[in-house]
Amino acid sequence: MSLLLGFAYGLAAVGLIAGGAVIGVWWERKVAGRIQLRLGPQQLGPAGVFQMLADVPKLLFKEDIVPYGADRPTFRYAPMLVFAPIAASVAVVPFWAGWAPLDSVVGVAFFLAVPSVAVLGMLLSAWASHNTLSTIGGMRAAAQMVSYEVPRTLAVLSVVVLAGSLQPTEITGAWRWWWVPLTAVGFLVYLIASVAEMNRGPFDLPEAESELVAGYFADYSGFRWAIFMMAEYGSMIAAALFGTALFLGGPAWFAGVGGLIAYVGVACVIITAIMWAKWTFPRMRQDHLMTFCWTVLTPLALVQLLVAGAVAVWL
Amino acid sequence: MSASDITLAAAVAAMIAGAAGTALTRDVTRLVVSLGAFLLSVAAIFLIVASSLLAIAQVFVYVGGVLVLVLFALMVVHRDTDERVGLDSLHDIGAAAVAVAVFAGLVALLLPLAGTTGSQTRALPNDIGAFLLGDGVVAFEIAGVLLLVALLAVLVVVKGGEDR
Amino acid sequence: MIVVIGCAAAFAIGLYAVLTRRELIAILAGAEVMLGAANVQLVALALARGGDPAVASGFSLLVVVVAAAEAAVGLSIVVTAYRSGARSRLEEFGEVDAE
Amino acid sequence: MAGVDDFAQVLESVPGGGIILTSVDAVADWARGHSLWMMPMGTACCAMELIAASFSRFDFDRHGSIPRPDPRHTDVMVVAGTITRKMAPAVKLLWEQMPDPKWCIAMGNCAISGGIFYYDTYSVVRGVDEFLPVDVYIAGCPPRPEALQDAVLRLREKVRADSMSPGRRRAIEGVLPLPTAGDGTAEGGSE
């Protein structure tokens, strides 16, 4: 019975991530258009909302290229290894006050740990392409993602310390409004590190499609490439939902359906802000990226943790 | 035999399969995938018998950290070879005999100990935290110092390699 | 019980990998297998003997952390050895350079 | 694409298979026509107009066309500019790296015929159709972005007339000259 329920949750999570990615790509093209003084997709449906209905079948009907010399099974299934952990991480998001699909006592650690398996999929896909440039792109991605996990985890820890629990539903239950000013720096660090973690601009060195030509997925075409894109958007959705729940209280504002709507609405605003940042800031250089992580974000997160710890002791 | 026993048996089987793959495969990616399967099934066993925090730590540290490092090192070392890399090994009777002997010894030694049934409860994260900052605080701090030393050691080793 | 036997088998397989492999990183992977098996064995035996699960888990947590440090140092040594003369196999370490 | 071709052949021989084939064709062609991602192969001054076409004032994204510099992710290669004999192998390699189905737009006189370099030059390829199957030609030196948008809309009409089955090309909407049904695999000016 619980197995069936888990299966249903899994399907729902994949649907949420894939559907969210489809809507997200359309929304991103509209946001990018507005920022660059254009309109974005317009022709299919009102304001081009059905643009993705054309893009997805097109990618499905594209040729599925496996390059010469590639490690066939690894090349084919590595995208799934990138997508699956990110879809799994949605399981611990507390959508409802006191309820999450997987209400684990180590939910926060789950959310931080499971997506890190995706790095492995990226490295494997880079290595399996049998392409020097892909390999270098994969190493760039791995270095960035492993490094940015540190400030991200430290930033989340400040909320964990305040709530005294690793369970997301308990954290949202214990949430108080004054946590927001107290953990504002931590939230900022979390957002920046999450953006770097999902390989989006201004930290999209692993992709950098206009300069470095798409790093580790350079040799993927058609739907396998779309899976990488879906993983990126899925990780953005998951990070926004989880950050809203932990730092801003998320579903704890109102009881019932109103809470869910407000929660998802705020998460959508955060997603829009992430897109805004991508289309506004220029891309960082690789060494600046790593320096920024270790000399700015990590100390900031540590200070935030110290402050939160002091307050937690003082209370 | 209950459902959890079956899950446990499956996890143990996956663990042995992963270990065998790590020992026998000749391909770099197969080695990494096997090692990943091994580490994940270890996490599954931890989840079933001991504690969810331990399982998550295993995934975080090993799969997300150590395994990525292993793959990273493999990619650095074999970067300039053009054909697919083969990992050769020197199979011989002696090594197999030693391994079998160790296995037999371990089973003979440990199986009598495992006969008694102990507590079946799993540890909560709070209990583990209370232990680590209570009775185990010395070990905890030493581990922290060791991590710092390891961090410095890695920096020194890699920097030294660059200077040479 | 099944865990104890399984861990002994995995440990032996890891030992076999360490003994037969010629590539340094593959040897390290074998060592990781041995460490993981020993760690599970530790927890399983502690629980089977009626130990406190929190103590067993906490101890294993420390082992995991320390093993990660060991892996990082080992891999950095491998990469450095490779960079100073492209050696990543065991035979090539027969003669250590004079300096 | 051999598997798709075989499948299409089987479908055509089965009674009622044609209905499935044309339905799938309709969906696929609609999707492909409205999502023509560009491989910007800009080598000379036409590239400026190509870049201008994507940004404000002209906005290629309206038509669902976005530039992707990775050949593996794109559908249509826009050759904008002079292609020299040294560059030609690189262009051909990039073309071959694009996944099927793919199309090519020759933008500007240099890409069509060598343009002003047609005479007295040893180094310029006289038109990219010497080595690429060009679908749409845009005249001009350089053509305005509007001309490029018109080319994409023309290409969309051509895509809409395409079929999975090599023997079956549907009745053509618009005025584009295309090979009629039955004369085999010719596609644009390829062979």
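- Between C/V66 and C/V63 there is no side-chain heavy-atom pair separated by less than 4.5 Å.
- The ring-ring contact (aromatic ring centres under 6.0 Å, His included) check on C/F11 picks up nothing, with sequence neighbours excluded.
- In this structure, chain B has no heavy atom under 4.5 Å from any part of C/E70.
- In this structure, B/I128 CD1 and B/L53 CG are separated by 4.5 Å, a value rounded to the nearest 0.5 Å.
- Residue contact with chain C, scored on non-hydrogen atoms closer than 4.5 Å, involves the side chain of B/V12 exclusively.
- Among residues at least two apart or in separate chains, ring pair (Phe, Tyr, Trp, His ring centres under 6.0 Å) pairs with a member in residues 15-48 of chain C are B/H91-C/Y16.
- Side chains of C/L75 and B/F72 form no contact here, defined as non-hydrogen atoms less than 4.5 Å apart.
- With respect to chain B, the highest number of heavy-atom pairs below 4.5 Å among C/S76, C/A10, C/G14, C/A17 belongs to C/S76.
- Looking at C/V3, the atoms closer than 4.5 Å to chain B (heavy atoms on both sides) sit in the backbone and in the side chain alike.
- When heavy atoms are compared at a cutoff of 4.5 Å, C/L28 does not approach chain B at all.
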* Can B/L132 and C/L62 be said to form a side chain to side chain contact (heavy atoms under 4.5 Å, CB included), step by step? -> CA-CA 9 Å; B/L132 283 180; C/L62 293 180; 4.1 Å; yes
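- Heavy atoms of B/V70 lying under 4.5 Å from chain C belong to its backbone as well as its side chain.
- Each of C/A9, C/A68, C/A71 has some count of heavy-atom pairs under 4.5 Å with chain B, and the biggest count is that of C/A9.
- Within the structure, salt bridge (charged side-chain N to carboxylate O under 4.0 Å, His left out) contacts touching residues 28-41 of chain B (residues at least two apart or in different chains) are A/D71-B/R30, B/D27-B/R30.
- For the pair C/L61/B/Q58, no side-chain contact is recorded, criterion being any heavy-atom separation below 4.5 Å from C-beta on.
- Atom CD1 of B/I93 is surrounded by 12 or fewer heavy atoms from other residues, nucleotides or ligands within 6.0 Å.
- When each of B/L8, B/L151, B/V42, B/T22 is checked for heavy-atom pairs under 4.5 Å with chain C, B/T22 comes out on top.
- Looking at B/L35, the atoms closer than 4.5 Å to chain C (heavy atoms on both sides) all sit in the side chain, from C-beta outward.
- Scanning all heavy atoms of the two residues, the minimum distance from C/A69 to B/A150 falls at CB-CB, 3.6 Å.
- Annotation: residues 95-105 of chain B contacts chain C through B/A95, B/A96, B/V98, B/A99, B/V102, B/F103 [non-hydrogen atoms, separation under 4.5 Å].
- With chain B as the partner, the residue from C/N39, C/V55, C/I77, C/V4 showing the most heavy-atom pairs under 4.5 Å is C/V55.
- With chain B as the partner, the residue from C/L19, C/I13, C/V73 showing the most heavy-atom pairs under 4.5 Å is C/I13.
- Between the CZ atom in B/F46 and the OG atom in C/S60 there is a gap of 4.5 Å [rounded to 0.5 Å].
- With chain C as partner, the option from B/L69, B/V107, B/L39, B/I48 having the largest number of non-hydrogen pairs under 4.5 angstrom is B/L69.
- Of the inter-residue distances, the one linking B/F140 atom CZ with B/D135 atom CG reads 14.0 Å to the nearest 0.5 angstrom.
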